Structure formats: C-alpha cells, structure tokens
K.L.:
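Before we start, here is the structure in question, set down as structure tokens.
Keep in mind the model is a prediction, meaning the values are calculated, not measured.
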Amino acid sequence: MNLEEIRGFCSERGVPYRIVAESSNGKVKATKDTDRKPIVLARVRAFLETGQVGRPTCIPARIVREENPPARLGPRDRLYYRWYAKEFEGVLRLLRDLTGGRFKDGAVARVLAMEFWTRGEAPPFEEFARSWTKAKAEEHRLLTPEYAYLTDLRHQRADGDWKALRKAKAKSALETLARILPVRAAEGRLSR
C-alpha cells in the first residue's frame, strides 16, 4: 500500500500519522508534517494487535520556534523546528558553507532534520552538517525505493502492468484490514 492508502485507513480509525508540535503555552497542534511510512506502519501493526491508536509523534516546545531564524547564524547555533525551509536562505547558506558547498536542500536533509526533531533535539548547525554529509553518503539506506516493486521484480511479477498489480494488492489488503477491524468497531474502541 502507498502512504495515501495507509493514511486513509488511519484517518478512518483515528490512528495518528500527522506530527504534532507543542507550543510555549503548552498547547499541542497538528503540523503539516507527517511520519514516514515505517513509523506509520508500525503504528498500524500496534493498533491491529492492541486496538490502541497510540500517540502521535510530538515535537517538544523547547525546540519549536514560531519566529524566523536570525539573519546571521553561526555553526554553534541550533537548527530549531520550523527553521529548515527554502525561504530561510541564511540557514541553507550556512549549511552549504559548513559542507564545503555540497549541501543541497532535499529529501535527505528533510528526513534527517525530522529525525533530530522527533527525538527532541535541535542540533547545532555544525552537527547537522556532519550528519547530513554522512547520511548523504548512505542515502540508499535512508531513502528506500518502493519495496513492493522490488519484491515483485525479484519474483518476475513487475511488468508493464505493475501499477495495476500494486493497486489490486492494495485493494485486497485494505479489504482484509476492513474485515479485521471495520470502521464502526474501531470507532467503538476509540470512544472508550
């Protein structure tokens, strides 16, 4: 199943997949960010085993910044949540400087930043730059291709009709999940 299909299952049953952030006043609100597929799948498995929806990933208030980053940043300044964005050219410039011009905005940087933040860490820029350099060298481990396609390719089932096969498998999986845990049953469990 792709993330859209998994998120549909989660939405219908209240299983969290959207990351939340605490604010300085203690309130928690959903962000535009979502958990990566392995995290969401682990939460779905736990839900199927226990009936508990679990808690969403939460970024603690101490590393969340509502205001924009300062114009001048240094290597020991921290990369707070919401400060990694294309519009903050100073952040990107500092990261390029710290990596000898190699840093590029992209999936590796975003996944790495979210890994720090969801652990409750706002790393110093110099640490983030070192971690990015290492992660970029091992990006094949961090950014995985479509697992289903690779499995089907290995078993000679990935031909020109692979998308139709994938859709059929996803439909079958969603139907099975719906039989195991219909939305009505899930709603009953969630309301207790």
K.L.:
Using the rule side chain to side chain contact (heavy atoms under 4.5 Å, CB included), only one of Asp35, Val15, Val20, Ile19 pairs with Pro56; which is it?
P.N.:
Val20
K.L.:
So which heavy atom on Thr31 is nearest to which on Arg18, and how close?
P.N.:
O-CD, 2.9 Å
K.L.:
Atom NZ in Lys29, atom SG in Cys58: separation rounded to 0.5 Å?
P.N.:
12.5 Å
K.L.:
Okay, side chain of Arg62, backbone of Gly120: is any donor-acceptor separation there less than 3.5 Å?
P.N.:
yes
K.L.:
Would you verify whether the NZ or CZ of Arg119 falls within 45 degrees of the ring axis of Phe116 while also being under 6.0 Å from that six-membered ring's centre?
P.N.:
yes
K.L.:
For Ala122 and Trp117, which heavy atoms make the closest approach, and how far apart are they?
P.N.:
CA-CD1, 4.5 Å
K.L.:
Is there a continuous path of hydrophobic side-chain contacts, each under 4.5 Å between heavy atoms, that joins Leu48 to Leu41?
P.N.:
yes
K.L.:
Keeping to residues at least two apart or across chains, list the side-chain hydrogen bond (donor to acceptor under 3.5 Å, both in side chains) pairs with something in residues 91-103.
P.N.:
Glu89-Arg96
K.L.:
Mind checking the CZ-CG spacing from Arg72 to Leu94? Nearest 0.5 Å is all I need.
P.N.:
11.0 Å
K.L.:
So how far is it from Arg36 CZ to Glu115 CD, rounded to the nearest 0.5 Å?
P.N.:
6.5 Å
K.L.:
Can you tell me how far the CZ atom of Arg78 sits from the CD1 atom of Ile63, to the nearest 0.5 Å?
P.N.:
10.0 Å
K.L.:
How would you list, by chain and number, every residue that makes a salt bridge (charged side-chain N to carboxylate O under 4.0 Å, His left out) with Glu4, sequence neighbours excluded?
P.N.:
none
K.L.:
Could you check whether the rings of Tyr84 and Phe103 sit parallel, tilted or perpendicular, using 30° and 60° as the cut-offs?
P.N.:
perpendicular
K.L.:
Give the C-alpha distance, both sets of side-chain angles, the deciding distance and a yes or no for side chain to side chain contact (heavy atoms under 4.5 Å, CB included) between Leu73 and Trp83.
P.N.:
CA-CA 11 Å; Leu73 291 164; Trp83 281 11; 4.3 Å; yes
K.L.:
Report yes or no: does Trp132 contribute a side-chain atom to a donor-acceptor pair with the main-chain N or O of Ala113 at less than 3.5 Å?
P.N.:
no
K.L.:
Taking all heavy atoms of Gly74 and all of Phe125, pick out the closest pair and write down the distance.
P.N.:
O-CD1, 3.9 Å
K.L.:
Rounded to the nearest 0.5 Å, how far does CD1 of Ile59 lie from OH of Tyr81?
P.N.:
4.5 Å
K.L.:
Do Ser11 and Tyr17 have side chains that approach each other closer than 4.5 Å (heavy atoms only, starting at C-beta)?
P.N.:
yes
K.L.:
Partners of Arg7 by salt bridge (charged side-chain N to carboxylate O under 4.0 Å, His left out), sequence neighbours excluded?
P.N.:
none
K.L.:
Evaluate Arg13 against Val44 for side chain to side chain contact (heavy atoms under 4.5 Å, CB included), listing each step before the verdict.
P.N.:
CA-CA 10 Å; Arg13 291 158 180 84; Val44 168; over 6 Å; no
K.L.:
Evaluate Thr57 against Arg43 for side chain to side chain donor-acceptor pair (under 3.5 Å), listing each step before the verdict.
P.N.:
CA-CA 11 Å; Thr57 300; Arg43 205 170 276 142; 3.2 Å; yes
K.L.:
Ignoring hydrogens and geometry, is there a side-chain-to-backbone donor-acceptor pair from Arg82 to Glu67 under 3.5 Å?
P.N.:
no
K.L.:
Between Ala135 and Val108, which heavy-atom pair has the shortest distance, and what is it?
P.N.:
CB-CG1, 3.9 Å
K.L.:
Counting C-beta onward and ignoring hydrogens, is there a side-chain heavy-atom pair between Ser23 and Val64 closer than 4.5 Å?
P.N.:
no
